[in-house]
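Just so you know, ligand 1 is whichever comes first in the structure, and atom 1 is the first atom listed for that ligand.
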Amino acid sequence: MSENPASPTTPSKPRVLSGIQPSGILHLGNYLGAISNWVADQAHYENFFMIADYHALTSVSDGAELRKNRREIVAMLLACGIDPQQSVLFYQSQLPEHTELGWIMTCLSPLGWLERMTQYKDKSAKYAQEGISTGLLTYPALQAADILLYQAQGVPVGEDQRQHVELTRDLAQRFNHLFGETFTIPQVFIRKEGAKVMSLTEPVRKMSKSDKESDGRIELLDSADVIRRKIRRAQTDSLREICFSDDPERAGVNNLLELYKILTHKEPATITAEFEGKGYGELKDAVADVVVAVVNPIREEYHRLLTDRAHIEQVMAGGKERAQAVARKTLGKVKKRIGMV
Ligand code: TRP
């Protein structure tokens, strides 16, 4: 083992890059869909994890809020188990390479490709009244730059980001074709398990941070009492039968069982046997127990870390340097290719 496994000069491990927006609320869906996978696989990859603060600017326009969110998300990622020895953790906005390559990618993006992105279409429909920032349209071009700067082989994300990674592949191929072989074509890494944690109140929809009422989601900062209350109120059905099912009518019970499965690593058959003859109340108590057991230590560690500003700053300064060494090299190559050097 080398002393510094995340060093950009270690070629033996495949490289991954992923990003997360500092947008306030993190919930169990974010944790199970992405963050817990980053943590679990840290030792197998050379990891770059980025706080996408420039992406957050498409929806936040309050400096104090963004400043607070940036620090909080770092504390949260560390509390979830991201290890700065194994992973390079950095703020996107600290590296001008991202916005530079972002512009180059924007110029390379046919308008139709960006207009076709479902996230863009959903948001522009949702906020049709107030209007949206142009940044929401060009958002995936900046995301492509984030990924391509590191020549990442893999991009571990939740299902909702698949389309953006596919666009990144298309842009990388387009660049390579027009200007010569430059970028690694990244693959999307999506784990089936945990990729879709559903809302507790509307279990046919994804658990989401943007739902106005918070009862549908378990936030990583919820207390044990709040978690238990939310799970106790989770929607079920009148069938009184505890089994996995893809019937939309049974989505509530199925979601509770899926959560239980992911968090206990038990087989579905073992789980159904465990709950045979039992009621939904017992299922909910069991799910609440395993959720609390995961969330409690994260919350406690988060609050401890948040008071240690010096540590957070030191981690981010180290991350910036290690990330920049890689990003700078790629951007230099790109600029030569496009005739800017
Ligand atoms: N768009 C991603 C999200 O909302 C965040 C992100 C920004 C990202 N840049 C990235 C994810 C690069 C993966 C790779 O979750």
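Tested against Arg228 for a side-chain hydrogen bond (donor to acceptor under 3.5 Å, both in side chains), the candidates Asp289, Asp222, Asp285 yield a single pass: Asp289. Just one of Asp170, Leu171, Asn176 meets the side chain to side chain contact (heavy atoms under 4.5 Å, CB included) condition when paired with Gln173; it is Asp170.
Ring centroids of His98 and Tyr54 are separated by 6.0 Å or more, keeping the two rings apart. The aromatic ring centroids of Phe90 and Tyr150 lie less than 6.0 Å from each other.
Taking every heavy atom of Ala52 and a limit of under 4.0 angstrom, the matching atoms of ligand 1 come to 7 (C). Interface atoms of ligand 1 facing Leu17, defined by a heavy-atom separation under 4.0 Å, are 12 (C), 14 (C). Per-residue contacts place Val155 under 4.0 angstrom from the following atoms of ligand 1 (heavy atoms of the residue considered): 13 (C), 14 (C).
Residue-level proximity to ligand 1 for Val165 is absent, since no heavy atom of it falls below 4.0 angstrom. The proximity of Ile147 to ligand 1, defined as any non-hydrogen pair under 4.0 Å, is limited to the side chain. In Gln92, neither the side chain nor the backbone holds a heavy atom less than 4.0 Å from any atom of ligand 1. At a 4.0 Å heavy-atom cut-off, ligand 1 does not touch Leu142 at all.
Ranking protein heavy atoms by distance to atom 9 (N) of ligand 1, first place goes to Asp146 OD2, 2.7 Å. Closest protein heavy atom to atom 7 (C) of ligand 1: His55 ND1, 3.3 Å. Of the protein's non-hydrogen atoms, Gly19 O, 3.6 Å is the one closest to atom 5 (C) of ligand 1. Ranking protein heavy atoms by distance to atom 3 (C) of ligand 1, first place goes to Gln161 NE2, 3.3 Å.
Between Asp41 and Lys13, none of the side-chain N atoms (NZ, or NE/NH1/NH2) sits under 4.0 Å from a carboxylate O, so this pair counts as no salt bridge. Ionic pairing of Glu159 and Arg162 is present here: one or more N-O contacts between side-chain nitrogen and carboxylate oxygen are shorter than 4.0 angstrom.
Rounding to the nearest 0.5 Å gives a distance of 9.0 Å between CD of Glu97 and NZ of Lys335. Atom-to-atom distance recorded for Leu111:CG and Leu137:CG is 6.0 Å, nearest 0.5 angstrom.
Across the listed options Tyr139, Tyr54, Phe48, Tyr139 owns the non-hydrogen atom lying nearest to atom 1 (N) of ligand 1. Relative to atom 12 (C) of ligand 1, the option among Gln21, Gln143, Gln119 with the closest non-hydrogen atom is Gln143.
Below 30°, between 30° and 60°, or above 60°: for Tyr260 and Phe275 the angle between ring planes is above 60°, a perpendicular geometry.
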